[in-house]
Structure formats: structure tokens, C-alpha cells
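Worksheet for the structure shown next.
Model, not experiment: these values are computed from the prediction. Protein chains get the first letters and strands the later ones, always in sequence-line order, with residue 1 at the start of each.
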2 protein chains.
Amino acid sequence: MVDVTDLTLIEQQTLLGIMRLHPNAYGVSIRDEIKLRTDKEYSFGSIYAILERLEDRGMIESRVGEATGSRGGRKKLYFTITGAGERALQASLNAMDAMRAGLKLKGAFA
Amino acid sequence: MVDVTDLTLIEQQTLLGIMRLHPNAYGVSIRDEIKLRTDKEYSFGSIYAILERLEDRGMIESRVGEATGSRGGRKKLYFTITGAGERALQASLNAMDAMRAGLKLKGAFA
DNA sequence: GACGATTTCTTCTAAATATACGAATAAATG
DNA sequence: CATTTATTCGTATATTTAGAAGAAATCGTC
């Protein structure tokens, strides 16, 4: 193991969230998106730790956003997925799909 | 968080492996099945630790197998997934599917 | 237009959990 | 008893957790 392209579940979800929200993915919105779709509420500590780690590994890039104009709010740190991130995500999803293939599960796919 | 029904990626893969191999799922065969399908080679330590944890949480059950008849070999510990395990697995997979839904990815599903 | 209140977003810290490896151990057969 | 297959163990590393603290922006009021 110890393969930088390996992704944990929450890393997969974070990458998917970033893609879904593009170009409006930042810490809080990513957390909200995951909560909305999976009903799982990660702490800020978790989300930001994962974002930092994914960026260190070259899976995502960040840029500091402009002032929003709306009440309050520190500047957002926007994230986008990189080519390497997309490839790693895809490989991870394919691996899961290979494990699922042909099994009778009531899930959406399968 | 801290929800016993939450599953990590490797836990999902292990449960899927157990279902696929039924009724011949035991430590070594599960590891081999995951390696075969995902090309990921987990150590024995990882696999058995996960099996123990899943059993503690009521997701799988084990029974000691009979002697095999073939050369060598300690008795196998066979695993089967429980109803709770299937439900947790399904919930996890549904959550991932919800994150993936509608995104254009070259993966098998999507 | 300065000030503090308010809002939104990010960072930090320490502890709990999970994963990784592979050597050691156990149990079966020829 | 040598060989084979399977499981357990010990220890190191990495990830995740939770929420309080901190930073940065706007609003309302004077």
C-alpha cells in the first residue's frame, strides 16, 4: 500500500463534492453538499484536514476567492480537482465497481 | 459521527468480498478476491483486523470450518454477512451513489 | 467613516480510530 | 517431522474526530 493515489472514502466524497460544486467548492459548501447527499455531517476539522492532504498530494488546487458582498464571511478558499485527482478518483471508483459488479444489491447501481 | 453503521472503504470492500465468495469467504480468500478485482493487496494484519472489527459490530458472523482434506492448512474461519451488515453496506453504497449521480465520469457506472 | 456587533469561513489541538506490515504462531496433511 | 495454509500478534504510522478558537469580511449606528 502506501500509494499516494489511494483514496479513502471521505477523500472520494470530497473529490466528488468538489466536482459537483465547481466552481463554487470551498470548505463549508463541500461539507454541506456531502451532508445533503449522504446525510453524513463531517466536522470542519475533518473536511479541512482532508482538503489539505488532497492538495499536498496534488489532487486538488486552491485559490483565494474575492470578497462576496454578502453579510460577513471571511474570504473563501476555492478548490478545483486536478487531472491527477480525477484519475485517482476514477481508479478508486472503478475498483469499487469491480467489487460490486454482478452482486444483487438493491442500491441505485449494481 | 461515531455511528457503528458507518463503513470505511476497506470495510465496504471486505463486506462485498464476503458476499461474492459466499459461502467460501475466509481471511485469505477475501484478501485474494480484493486483490483480484481491485489490484489492491492488503496485508493479513489489515484484513484480519477489519474482520474482527466488523464482527464486533455485528456486520458479519464467523464459523470454524472443517478440515479441508487438501495438503496442509490450518482450519479456516468462514465469514458470512449479517442482515445488519447488508443494510449498512447498502446504505454506504447508496451514499456514494448519491455523490456520484449525474456526474460525468468514465467509470463503469456514473 | 470609525467602532463594535455579527456573520462566515478557516485553523488549530489533542485524542480516538483505523490501517499497515510482516514475523510469529498454530494447525492441518503427507 | 517437514511442509503447507491460515490466523494472530506487536508495533508503527496515518486518518478522522470534535469543537473551540481565531481570522476576515459586512452591517448598523453614531
Atom-pair distance ([atom1] on [X]; [atom2] on [N]), nearest Å:
| X | N | atom1 | atom2 | value |
| --- | --- | --- | --- | --- |
| B/Gln13 | C/dT19 | CD | C1' | 13 Å |
| B/Glu41 | C/dT19 | CD | C1' | 15 Å |
| A/Leu51 | D/dT15 | CG | P | 14 Å |
| B/Asp32 | D/dT5 | CG | C1' | 11 Å |
| A/Leu9 | C/dT19 | CG | P | 10 Å |
| B/Tyr42 | C/dG22 | OH | C1' | 18 Å |
| B/Asp3 | C/dT17 | CG | P | 14 Å |
| B/Glu11 | C/dT17 | CD | P | 13 Å |

Response to the item:
Across all chains, not counting sequence neighbours, the salt bridge (charged side-chain N to carboxylate O under 4.0 Å, His left out) partners of A/Arg87 are none
Worksheet item: How would you list, by chain and number, every residue that makes a salt bridge (charged side-chain N to carboxylate O under 4.0 Å, His left out) with B/Lys35, sequence neighbours excluded?
Response: B/Asp39, B/Glu41
Discussion item. Should the side chain of A/Ser43 and the base of D/dA18 be counted as holding a donor-acceptor pair, with the cut-off at 3.5 Å?
Written reply: yes
Worksheet item: Which listed nucleotide (C/dA18, C/dA20, D/dT16) is nearest to the side chain of B/Thr8?
Response: C/dA18
Taking 4.0 angstrom as the limit, do [X] and [Y] come out as a salt bridge?
| X | Y | result |
| --- | --- | --- |
| B/Lys40 | A/Asp3 | no |
| B/Arg37 | B/Asp32 | no |
| B/Arg57 | B/Glu52 | no |

Fill in: Min side-chain heavy-atom separation B/Leu54-B/Leu7 under 4.5 Å
yes
Using atom names, set out every protein N or O paired with an N or O of nucleotides 9-13 of chain C below 3.5 Å, distance rounded to 0.1 Å.
residue: C/dC9; atom: OP1; partner: A/Tyr26; partner atom: OH; Å: 2.6
residue: C/dC9; atom: OP1; partner: A/Lys76; partner atom: NZ; Å: 3.2
residue: C/dT10; atom: OP1; partner: A/Leu77; partner atom: N; Å: 2.7
residue: C/dT10; atom: OP2; partner: A/Gly27; partner atom: N; Å: 3.4
residue: C/dT10; atom: OP2; partner: A/Val28; partner atom: N; Å: 3.4
residue: C/dT10; atom: OP2; partner: A/Tyr48; partner atom: OH; Å: 2.0
residue: C/dT10; atom: O5'; partner: A/Tyr48; partner atom: OH; Å: 2.9

